[in-house]
Amino acid sequence: MTLGMEILEGLNPAQKQAVETIDGPLLIIAGPGSGKTRVITHRIAYMVRVRDVLPYRIAAVTFTNKAAREMKDRLERLVGPHSDALTVGTFHSFCAQMLRRDGSHVGLSPSYTIFDSDDQLALIKQAMELADIDAKQFPPQAVRSTISKAKSILVDAQTFARNQQNYFEERCARIYHHYEELLARNNAADFDDLLMRAVQLLQDNQEVRERYQERYHYLMVDEFQDTNVAQYRLARLLAEERHNICVVGDPDQSIYSWRSADIRNILSFQNDYADAATISLEQNYRSTGKILEAAKQLISANGIRLNKDLFTDNDQGKPVTIHEAYDEGEEASFVIDEIARLVREEKMERGDCAVMYRVNAQSRALEEACLHRGMKYRLVGGVRFYQRREVKDLMCYLRLLVNPNDDNAFLRIINTPRREIGPATLDKLATWALKRGQGLYHVCDDFALSEVMNPKAAEKLQKFKAWLDAKRQFCFGQNSLQAVQELITDMDYEGWLMQNASSPRIGEKNIENIWQLVRSIERMLEKQEDEEEGASDLESVIKKLVLLDMLEQQQEEDDSDRVQLMTLHASKGLEFPHVYMMGVEEEFLPHRTSIEEDNIVEERRLMYVGITRARETLAMTQALTRKQYGEKIDTTASRFVDEMPQEDIDYLGIGIQKDEAKEDAVAEASIANLRALLD
DNA sequence: TCCTCATAACTTTTT
DNA sequence: GTTATGAGGA
């Protein structure tokens, strides 16, 4: 038993216990900075190297792609080459794979497409038209979130219809029904379906269930506080046979209830597995004493919580600072200038600094400040690559290649670039397709089409289909990448992008983006070739791409030299020596919508997450005025500031202002301050 | 059928 | 200050 025992070295007693407890249900409550990821990875390494568990039998599910990737990397180092056999991924990717294999039992053919939230919304709108429900009266967004919530607690259309409580829900029930039909017709699943169908699959199908239970003897769930009902049910089904399920989480870091994450899952876990062991990791190795104290005192304002006492042996460190700035521009300038100064004077690394904010919109002022000063930065998350218009368009072409029933993709690209096929034609096409009971694309070369519409239009449709069909032939052989490239050049997509861009620079950027997409396809094809001996096929690559698993990978080059900009949500699971938290104001943090919905506790947790990312220094900023809808509004300091230990905080007043505006700024700022005091 | 210009409505966080 | 929608002209 000496082999691999070094895995336990350097772990504290609680960590060691967590690593060694591999049989039976286990709940690990892991405070921030308590070495959670270390424990998970070491636990897996311990199973494999000491207890001789086959990597093949272990599954670890996380919440985000980023977390999954990081875990994979660490495991590679700890476990070695056998780590490839481990199943590590997000719930969604795990389910997507399961459904690709066995989805036929729940009505999904292997070539199914995954619809993202934009597709979802488009489909909801269609469903509302079918149900003859006015989109002005019932906002499609609201309908989508209602349906999404239903799915995340495993309520299907029939059940939903049975339990409707009011007029809105009655309308939603009808839309839900049509929506599901549309999904089926498109051979598609939305994000929530991935989970719900996977659960259905395991629940209704004994053979499949037993196969998966037999495959996975050990299951780990990371960020358990962020799982929703469907995800928890899935985990339970997988672990039903052996009960070797380990969940790791921290209720204080639950920040996704708006996505139906349910902290009660932790209680359910203790109920469902009465014999579960519970281990708390309470020693913080990350932050200074003062930072941890600030975090602890803040979160204690949340009242009833699972008992947990964080402590650290680290130095007390520097006080938390709070800076006021005149407006959001000055706020951003201050932060960036400060970072520049510390890099210059104290040899701080840019990559050691993270700037965090509540809403994505705040990143713009920051980006401008960075650009202006030549500060290198990386936007974590932000307007996501795959959501960019040109990337999505190209993706839709690819989707249509794989799944000709994908009407959403068809509609998106049929006239992009221009093919002079307008709404009138499409309307007729849709009617025809409905009559024939087939997809839009399929019906494009129907010879009878020229009788129900302008023959010229019919010809254009037919030409389009013939062209794409020709491309499809080359997609699945050796030259699939070439087919993609031809697709782009054939339609002079580059020219179209340039023409439509507001400036040549943006046009070039857009073009760069699509080639970046092509490059990641190329990389994935190569990778697949390595793994599966030559069997590279575009089809499976495109399906993975839709799950957006790999797209962000390439952006991660030399981060060490770049300031990291991100939302507080995106910061979860990360740590940085220096953290700047912007917009610490009422209406922002806590956010206005949360105040209205009376969900301050979650905002507090969000701030708690942000604070506990910091290792050495933490600086917060408040802009005294902020532009909203083009109008300047005075702000109030966040209530959370008062909830932190005042003795550990330095208030630094106005951080910076333009010289010519100085007097005005001071005057206005003090008025704003006075107002803040009066409130 | 496409394009331009005006106006309205909106903004939380993400797989 | 944006992005989604709509009316009206080419």
Side-chain angles (χ1 to χ4, degrees), chain A residues 61-68 89-96 114-122 125 135-136 139-141 145 148 151-152 189-196 198 223 226-228 230-231 254-261 328-329 356-365 368 380-384 386-387 389 415-427 453-454 456-457 460 499-500 502 546-549 551-552 566-572 583 587-597 599 602-603 605-607 609-610 626-632:
Chain A
V61 275
T62 64
F63 196 60
T64 64
N65 290 312
K66 201 165 38 173
T90 62
F91 271 105
H92 292 268
S93 67
F94 185 84
C95 292
I114 298 165
F115 277 5
D116 70 11
S117 20
D118 289 346
D119 297 313
Q120 220 178 24
L121 199 61
K125 284 178 186 159
K136 289 222 172 67
Q141 293 269 15
S145 105
S148 168
K151 285 187 176 183
S152 68
D190 63 30
F191 282 135
D192 304 302
D193 277 335
L194 294 178
L195 304 170
M196 187 165 82
E223 306 284 15
D226 288 327
T227 51
N228 63 27
Q231 288 164 326
S254 161
I255 53 175
Y256 285 101
S257 72
W258 51 274
R259 252 184 65 183
S260 307
E328 67 265 50
M356 298 174 191
Y357 36 83
R358 177 64 235 261
V359 297
N360 273 313
Q362 286 172 272
S363 70
R364 190 205 304 225
E368 269 167 27
V380 181
V383 182
R384 291 197 170 282
Y386 64 88
Q387 280 194 345
R389 212 184 59 236
N415 206 28
T416 312
R418 272 185 66 181
R419 294 189 182 88
E420 292 170 322
I421 298 166
T425 306
L426 289 175
D427 207 47
M453 63 171 70
N454 183 344
K456 262 190 164 166
K460 283 174 198 155
Q499 220 178 5
N500 279 278
S502 47
V546 178
L547 247 195
L548 50 96
D549 254 355
L551 277 181
E552 288 148 288
M566 69 194 77
T567 63
L568 285 164
H569 281 87
S571 78
K572 195 168 70 159
E587 309 258 285
F588 248 83
L589 191 66
H591 193 270
R592 201 213 269 96
T593 49
S594 300
I595 298 174
E596 280 160 11
E597 287 163 20
N599 192 10
E602 179 143 320
E603 295 286 305
R605 290 195 292 262
L606 189 56
M607 182 145 175
V609 166
R626 212 172 264 283
K627 273 209 185 101
Q628 212 149 32
Y629 308 118
E631 247 194 312
K632 218 187 267 177

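Below, read A as the first sequence line, B as the second, and so on, with proteins coming before strands; counting in each chain starts at 1.
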Protein-nucleotide distance (A/Y357, atom OH; B/dT13, atom P), rounded to Å: 10 Å

Side-chain heavy-atom pair A/F191, A/K151 within 4.5 angstrom cut-off: no

Out of C/dT5, C/dG1, B/dT13, which has the shortest distance to the side chain of A/K125? C/dT5

Protein-nucleotide distance (A/H591, atom NE2; B/dC10, atom P), rounded to Å: 14 Å

Within the 4.0 Å heavy-atom criterion, would you say A/R605 contacts the bases, only the backbone, or no part of the nucleic acid? nothing

Hey, is the side chain of A/N65 poking within less than 4.0 Å of OP1 or OP2 on B/dT15, counting only N and O atoms? no

Starting at the 5' end of DNA chain B and moving along, which residue's nearest nucleotide shows up first, A/E597 or A/R419? A/R419

In whole angstrom, give the distance that lies between atom CZ of A/F63 and atom C1' of B/dT13. 11 Å

Between P on B/dT15 and NE2 on A/H92, what's the gap in Å once rounded to a whole number? 8 Å

What is the distance from CD of A/Q362 to P of C/dT2, rounded to the nearest Å? 16 Å

Selected nucleotide, minimal atom distance to A/T567 side chain, candidates C/dG1, B/dT13, B/dT15: B/dT13

Do A/K627 and A/E328 come close enough that some side-chain heavy atom pair is under 4.5 Å? yes

Nearest-nucleotide check on DNA chain B, A/A457 vs A/S594; residue mapping nearer the 5' end is A/A457

Rounded to the nearest Å, what distance is computed from the CD atom of residue A/E596 to the P atom of nucleotide B/dC10? 13 Å

Can you find a pair of side-chain heavy atoms, one from A/L589 and one from A/E603, that are under 4.5 Å apart? yes

Ring-ring centroid check A/Y357 A/F588, cutoff 6.0 Å: no

Step by step, work out the side-chain hydrogen bond (donor to acceptor under 3.5 Å, both in side chains) result for A/D192 and A/S148. CA-CA 6 Å; A/D192 304 302; A/S148 168; 2.9 Å; yes

Side chain of A/W258 - closest among C/dT5, B/dT14, B/dT15: B/dT14

Answer with base, sugar-phosphate or nothing: what part of the nucleic acid does A/L568 contact at a heavy-atom distance below 4.0 Å? nothing

When rounded to whole Å, the CE to C1' distance for the pair A/M196 and B/dT15 reads 16 Å

Tell me: CG of A/N228 to C1' of B/dT15, nearest whole Å? 10 Å

Taking OP1 and OP2 of B/dT1, is either one under 4.0 Å from a side-chain nitrogen or oxygen of A/T425? yes

Which is true for A/Y256 with a 4.0 Å heavy-atom rule: it touches a base, it touches only sugar-phosphate, or it touches nothing? sugar-phosphate

Go through C/dG1, B/dT15, B/dT14 for me and flag the one nearest to the A/R364 side chain. C/dG1

Picking from B/dT15, B/dT13, B/dT1, the nucleotide nearest the side-chain atoms of A/N360 would be B/dT13

